[in-house]
2 protein chains.
Amino acid sequence: MSKVLVIEDDAAILRGLADNLKFEGYEVLTAVEGETGYKLQKAQKPDLIILDLMLPRMSGLELCQKLRGEGVQTPILMLTARSEESDRVIGLDLGADDYVTKPFSIRELMARVRALLRRIHSTAELPGQLRFGDVEVDFRRYIARRCGKLVEMTRKEFATLRLLVARAGEVVTRDELLNEVWGFESYPISRTVDNHIAGLRAKLERDPARPVHIRTVHGVGYKFVQS
Amino acid sequence: MSKVLVIEDDAAILRGLADNLKFEGYEVLTAVEGETGYKLQKAQKPDLIILDLMLPRMSGLELCQKLRGEGVQTPILMLTARSEESDRVIGLDLGADDYVTKPFSIRELMARVRALLRRIHSTAELPGQLRFGDVEVDFRRYIARRCGKLVEMTRKEFATLRLLVARAGEVVTRDELLNEVWGFESYPISRTVDNHIAGLRAKLERDPARPVHIRTVHGVGYKFVQS
DNA sequence: GCAGACTGTACATTTTTTGTAAATTTGTTG
DNA sequence: CAACAAATTTACAAAAAATGTACAGTCTGC
């Protein structure tokens, strides 16, 4: 699940943001002033930064510029007060990717957060398509074919396969699968992962009992091999 | 290298855009008002037009309509101010290919410019018209027919269908639909998207309960398939 | 105030996900 | 190489989640 860093000096707002973000399932890091925020960014590499324009000491403006100057590409969502400066200067010069003016509606903010995160996830995409054996998978269309024939796959199955494929050749542990596919919040206790693996094999392997591509590594986890 | 025409009355923004575009290697033409822009388009046939929605005398909207009315296919990227956000749908309806709200981040804008140029270079334009099953839709005229008979469709329904069609084959999530069709400001919490999908199916699908073109991808979103 | 469009809600229905237990496979050790 | 323990697979039922849909309330433009 994505990691979000919030840098905001107003405790009430910070708290509200953090709560809401956690509720939506994000991992949240917080800082009340620029310096700490800067260090957190360095240390934790969040996927998104929410940054107040007005901060004590180092302003959000400076921080943003500093980060961009260092080549940090992490999307930044700026919080600005309406009176705070001509909007367009902010947007154009700073390198923020989006901004919201206070007071903001939390729903709007969350929508923008999702949109920004979606943008990075979709651009830094692994190949949307994949072939192995007599199988073709298209992750963007959510379609899989086996010997040209359509195979229905579920959301979790796609997500599982995607992770395995992203790390093709490497072993992925059940724990890693649980973290990535299921997220931290819900944590199925049982052999759920195994079940989904079984599902995948049943749908994609020529002989599910003797899998070629989705391999078991006994005592460790699973591994995808393309050929 | 591609030629880009920028039509924007604010000198600071125009300058910033031009600099950035040149830096990225585009040939840049500029105009501060619609009439000049119109002439430049005629004379120079740029590959892309970046157009401010609010212009003195002839608005960007008018210019856009005028160009499209004359059959000009050049992709248009519309710049809109935040407060005009409700116009976004209008802008797209009138034939703009994409839009960015001010203040925008230069990086985002550049990304969209590249995307638009890539789109023309790779595939043909989105047709203003579309046929599937026994349905014909004309996005420019806001008309749909089913088995030759006129079907009334609402604004949101058109916008929804348009997004699905623009990404035919791919899955579009509810969140993306909300962002694109509804915008960030108003953000219905509920099953609004589903309802509109239901509406579309009722009007366009032969058997709405067993949709062929507007498909559900469980746990993910919706997907349009032409055949 | 009316008509049409949009949004929210409730509930039925469908699909997916999860847990369990028995069967099978794998790895290890004597 | 047999025997045993540990790990994994499989099938299936139960639970949970997502979706479809009808309808009612709300909003908007005329």
Side-chain angles (χ1 to χ4, degrees), chain A residues 25 105 107-108 111 142 144 150-161 164 171-175 177-178 180-183 185-223, chain B residues 86-87 89-90 93 142 144 150-161 164 171-175 177-178 180-183 185-223:
Chain A
S105 100
R107 283 197 305 166
E108 174 177 353
Y142 272 80
L150 217 74
V151 174
E152 302 276 342
M153 282 186 10
T154 72
R155 192 170 35 143
K156 287 268 194 297
E157 283 168 351
F158 262 105
T160 304
L161 181 59
L164 287 171
V171 181
V172 182
T173 66
R174 292 186 177 66
D175 252 18
L177 280 162
L178 283 170
E180 293 292 323
V181 177
W182 278 263
E185 340 95 62
S186 85
Y187 227 93
I189 332 162
S190 67
R191 309 229 67 72
T192 300
V193 174
D194 305 45
N195 285 308
H196 283 268
I197 293 286
L200 276 175
R201 284 175 176 158
K203 289 173 185 175
L204 304 181
E205 291 278 0
R206 201 170 305 205
D207 177 359
R210 218 170 314 284
V212 175
H213 299 105
I214 300 169
R215 299 249 188 94
T216 301
V217 179
H218 210 93
V220 190
Y222 298 96
K223 164 167 88 166
Chain B
S86 55
D87 292 342
V89 177
I90 296 175
D93 290 346
Y142 260 73
L150 217 72
V151 174
E152 301 278 342
M153 280 186 11
T154 73
R155 214 175 143 69
K156 287 267 192 298
E157 282 168 351
F158 261 104
T160 303
L161 182 60
L164 288 171
V171 181
V172 182
T173 65
R174 290 186 177 65
D175 223 40
L177 281 161
L178 284 170
E180 295 294 324
V181 176
W182 278 262
E185 318 263 289
S186 91
Y187 213 87
I189 337 161
S190 66
R191 314 287 304 292
T192 300
V193 174
D194 304 47
N195 283 306
H196 283 265
I197 292 286
L200 277 174
R201 284 174 176 160
K203 289 173 185 173
L204 304 181
E205 291 277 359
R206 202 169 303 204
D207 176 359
R210 221 169 311 285
V212 175
H213 299 104
I214 301 170
R215 297 250 188 94
T216 299
V217 179
H218 212 277
V220 190
Y222 298 97
K223 165 165 86 168

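Just so it is clear: chains get the letters A, B, ... in the order the sequence lines come, proteins before strands, and each one is counted from 1. Basis for what follows: all heavy atoms, side chains included, without hydrogens, waters or symmetry-related copies.
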- line: Contacts of A/Ala198 and A/His218 projected onto DNA chain D by closest heavy atom; the upstream (5') one is A/His218

statement: Taken to the nearest whole Å, OH/A/Tyr142 to P/C/dT15 is 18 Å

message: Let's see if you can work this out: which of D/dT19, C/dT7, C/dT20 has an atom nearest to the side-chain heavy atoms of B/Arg191?
response: D/dT19

task: For A/Tyr142 and A/Phe158, work out which heavy atoms get closest and say how close.
output: C-CZ, 3.3 Å

side-chain N/O A/Trp182 vs C/dT18 OP1/OP2, d < 4.0 Å: yes

5'-most by nearest nucleotide on DNA chain C - B/Thr192 or A/Arg155: B/Thr192

- prompt: Could you give the CD1-to-P distance, from A/Ile197 to C/dT17, as a whole number of Å?
  reply: 13 Å

query: Which is true for B/Arg201 with a 4.0 Å heavy-atom rule: it touches a base, it touches only sugar-phosphate, or it touches nothing?
result: sugar-phosphate

query: Looking at B/Leu177 and B/Val172, what are the two nearest heavy atoms and their distance?
result: CG-CG1, 3.8 Å

- line: In whole angstroms, the gap separating C1' of D/dA22 from CG of B/Asp194 amounts to 14 Å

- prompt: Under 4.0 Å: is that the gap between some side-chain N or O of A/Thr216 and OP1 or OP2 of C/dT26?
  reply: no

- request: Determine the minimum heavy-atom distance between A/Arg174 and A/Gly221, stating which atoms define it.
  value: NH1-CA, 4.1 Å

message: Under 4.0 Å from OP1 or OP2 of D/dT19: is there any side-chain N or O of B/Arg174 that close?
response: yes

query: What are the two closest heavy atoms between B/Trp182 and B/Lys156, and how far apart are they?
result: NE1-CE, 3.1 Å

- line: Whichever of B/Glu152 and A/Glu152 has the more 5' nearest nucleotide on DNA chain C, that residue is B/Glu152

field: Side-chain heavy-atom pair B/Val171, B/Arg215 within 4.5 angstrom cut-off
entry: no

query: What's the shortest heavy-atom distance between B/Glu205 and B/Val212, and which atoms?
result: OE1-N, 2.9 Å

field: Integer-rounded Å distance: D/dA16 P and A/Lys156 NZ
entry: 15 Å

task: Measure from CG on A/Asp175 to P on D/dA7 and round the result to the nearest Å.
output: 14 Å

- line: A/Phe158 CZ to C/dT17 P, in whole Å, measures 12 Å

query: Counting only side-chain N and O atoms of A/Tyr222, is one of them less than 4.0 Å from OP1 or OP2 of D/dA7?
result: no

Base C/dA5 paired with B/Asn195 side chain (donor-acceptor, <3.5 Å): no

query: Can you check the B/Lys203 NZ to D/dT21 C1' distance for me, whole Å?
result: 15 Å

message: Can you confirm whether B/Lys203 is buried at NZ, in the sense that more than 12 heavy atoms of other residues, nucleotides or ligands lie under 6.0 Å from that atom?
response: yes

message: Can you pull out the residues from residues 204-213 of chain B that lie within a 4.0 Å heavy-atom distance of DNA chain D?
response: B/Ala209

- request: Specify the separation, in whole Å, of atom CZ of B/Arg215 and atom P of C/dT14.
  value: 18 Å

Atom pair CD (B/Glu152) and CD (B/Glu157), whose distance is rounded to the nearest 0.5 Å: 10.5 Å

task: Between D/dT9, C/dT18, C/dT7, spot the one nearest the side chain of A/His196, thanks.
output: C/dT18

